Amino acid sequence: MSVGVQRLRDDPETLRRGAADKGEDPSIVDRAIDLDERRRALVAEADALKAERNASSKRIGEAIRGGADPNGPEVADLKSASTAAGERIDAMDTELAAIEADLEDAMLRIPNPADPDVPVGGEEANVTVRTWGEPLPVDGRRPHWDLADELGLIDLARGAKVAGSGFPVYVGAGSALQRALISWFLDTHTAENGMTEIWPPAVVNADSARGTGQIPDKEDQMYVVTRDDLYLVPTAEVPVTNLHRDEIIEADDLPIRYAAYSPCFRREAGAAGRDTRGILRVHQFDKVEMVSFVRPEDSEAELEWLTERAELLLQRLGLAYRVLLMATREMGFVQARKYDLEVWAPGAERWLEVSSVSNFRDYQARRMAIRHRAEAGAKPELLHTLNGSGLALPRTMAAIIETHQQPDGSIAVPEPLRPYLGGREHIGPPGA
RNA sequence: GGAGGGGUGGCAGAGUGGACGAAUGCAGCGGUCUUGAAAACCGCCGUGGGGCAACCCACCGUGGGUUCGAAUCCCACCCCCUCCGCCA
């Protein structure tokens, strides 16, 4: 399940092209088609045998109730027919189970095709949809790793000692700034955007990890607690979207919108070098995530709305940013359409991704069996899920530090955060 | 961690080997009645899979087992509740 066997049968070409566009092997589609056909043939055969066995069992019951000796020859004959069918059924069920396991695995490896208007290609094909604010010139501006160290906001060395490289320690005003950002984000999402606040578990089980598509596709990116068979969450998307796994939601209750803070754990295997300076790429970071469950016809509008909710936060923080429509090979396995919000960091001299807003259409919903009734009494149908960061903390913090740095080495606190910092308008300068 | 109780349709809740895919109630849908609504009454009403269809198959927490036949008996695991222990 993921793209659904119905679509596999009806429109395999879109699935093949979708896989190829995302840089995946399209032959998985044909493997799935083959398994589906074999499965159907076997199911038909096994079901016929089961019907036969059910009928004989029923006859045995009737015979005994009708006065036949349960241990007599008449009943023994009936039993042997049923037993013989049972043996063949067992053999077929074993084969069927193997084929179904293979089919499920193949289906899980077929990516969600991108929407038709998504540009095909890699990074070079991304489209800048819009920009906001003036990217500050880089001259004289210092990178956040210098400033944060000098102001005592972030202690990377001790984080490395205590846990490892990529586990930053936030200190003093640095820690307070984290709290301020989280609180302000959540307050905005609840009071202004009407979302329900969620504080989710930081670990999930395998069913949940599979539901949102972390496994089998991105298993290497997650920290696994093997002793208890749990996964540290790479984003609140995983526990929050799984909140409604295996549920049928009444249409009147849609849309459901959540805002959730969680720590995020990512192994970032293979990542190293220039992009990892300071807190640009770390193993543990904090993020507020927005998650929506909507009627299928509403998901396109919801994607735009969520993107705007994230943009508004950046605007109020006074950070210049751009919105990118991500190309097929940049968007990952499960998304149908994705916008990235990149904020300008004048000290690090680059654009930093601080939010990723995605429409999964029915792909995650199918994996998780999240359905809704379009109207009372109607058949349950899959709904659409979406999510977007609002926002990820470390890079937002880096951009704040670099954008709002003052000539004296202090940092001006953006206006919306001041109430959360006891009215403070500046952090630093050192010795002040 | 230990002892006991329990997990059944959207919800509540019966069902201890064959007539049970499952009583009953509530909710929902359609209808009668009514100016309209309510009440009352009648009918329908789980999910998934296979098949053009008739129809068939599977599912009573999960996975095994016993049996001709399992919601029902046996085993393991998971989850919930109560009590005890431990503990931020």
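Below, read A as the first sequence line, B as the second, and so on, with proteins coming before strands; counting in each chain starts at 1. Computed from a predicted model, the values in this text were never measured in an experiment.
- G61(B) atom C1' lies 12 Å from atom CG of D246(A), rounded to whole Å.
- Following rounding to the nearest Å, D90(A) (CG) and C68(B) (P) show an atom-to-atom distance of 12 Å.
- Checked against G18(B), G10(B), G49(B), the side chain of R373(A) finds its nearest nucleotide in G10(B).
- Rounded to the nearest Å, the gap between the C1' atom of A54(B) and that of C59(B) is 23 Å.
- For the pair D47(A) CG and C56(B) P, the interatomic distance rounds to 12 Å; values are reported in whole Å.
- With a 3.5 Å ceiling on both atom-pair distances, the Watson-Crick or G-U wobble partner of G4(B) is C81(B).
- Between P113(A) and L15(A), some side-chain heavy-atom pair lies under the 4.5 Å cut-off.
- A distance of about 30 Å separates the P atoms of C20(B) and G5(B), rounded to the whole Å.
- Searching all strands for a Watson-Crick or G-U wobble partner of A58(B) with both distances below 3.5 Å returns U47(B).
- Distances were taken from every side-chain heavy atom of V43(A) (C-beta onward) to each of C57(B), G50(B), G18(B); the shortest belongs to G50(B).
- Phosphate proximity of G49(B) to R40(A): absent, as no side-chain N or O sits under 4.0 Å from OP1 or OP2.
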Please walk me through it: do Y261(A) and H189(A) pass ring pair (Phe, Tyr, Trp, His ring centres under 6.0 Å)? CA-CA 11 Å; Y261(A) 159 75; H189(A) 292 318; over 10 Å; no
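- Whole-Å rounding puts the Q6(A) CD to G51(B) P distance at 10 Å.
- To the nearest whole angstrom, the two C1' atoms, one in C57(B) and one in G21(B), are 12 Å apart.
- Atom P of nucleotide G49(B) and atom CG of L49(A) are separated by 22 Å, given to the nearest angstrom.
- Here, G1(B) and G18(B) have their C1' atoms 43 Å apart, quoted to the whole Å.
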Using the rule given for side-chain contact (heavy atoms from CB on, under 4.5 Å), can you reason through L325(A) versus Y339(A), listing the C-alpha separation, both sets of side-chain angles and the distance that settles it, and then say yes or no? CA-CA 5 Å; L325(A) 172 61; Y339(A) 291 119; 3.9 Å; yes
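- Ranked by how close their nearest RNA chain B nucleotide is to the 5' end, D36(A) and E52(A) are led by D36(A).
- Pairing for C26(B) goes to G10(B), judged as Watson-Crick or G-U wobble with the two contacts each under 3.5 Å.
- Comparing G61(B) with C44(B), their C1' atoms sit 30 Å apart, to the nearest whole Å.
- Dashed line: the shortest gap from a side-chain N or O of K379(A) to OP1 or OP2 of G46(B) is not under 4.0 Å.
- Side-chain contact check for K287(A) and T235(A): at least one donor-acceptor pair (N or O, by modelled atom type) lies under 3.5 Å.
- The partner of U72(B) is absent, by the rule that a Watson-Crick or G-U pair needs both atom distances under 3.5 Å.
- Between the P atom of G49(B) and the CZ atom of R366(A) lies a distance of 10 Å, rounded to the nearest Å.
- Within the nucleic acid shown, I60(A) comes within 4.0 Å of at least one base atom, counting heavy atoms only.
- Comparing the P positions of C75(B) and G85(B) gives an interatomic distance of 29 Å, to the nearest angstrom.
- Taking only side-chain nitrogens and oxygens, R371(A) comes nearer than 4.0 Å to OP1 or OP2 of G48(B).
- With N112(A) contributing its side chain and V334(A) its backbone, the two residues share a donor-acceptor pair below 3.5 Å.
- Distances shown here put a side-chain N or O of R9(A) below 4.0 Å from the OP1 or OP2 atom of G50(B).
- Here, G10(B) and G46(B) have their C1' atoms 9 Å apart, quoted to the whole Å.
- Here, U72(B) and A19(B) have their C1' atoms 16 Å apart, quoted to the whole Å.
- Looking at R210(A) and D207(A), a side-chain N of the basic residue comes within less than 4.0 Å of a carboxylate O on the acidic one, giving a salt bridge.
- Each of N54(A) and S57(A) was matched to the nucleotide of RNA chain B holding its nearest heavy atom; the match closer to the 5' end belongs to S57(A).
- Of the possible polar contacts, none joining the Q364(A) side chain to the G213(A) backbone as a donor-acceptor pair under 3.5 Å is found.
- Separating the CG atom of D229(A) from the P atom of C79(B) is a distance of 11 Å, rounded to the nearest angstrom.
- Computed from coordinates, the L96(A) CG to G50(B) P distance equals 11 Å when rounded to whole Å.
- Residue T83(A) is in sugar-phosphate contact alone, with no base atom involved, counting any heavy-atom pair closer than 4.0 Å across all strands shown.
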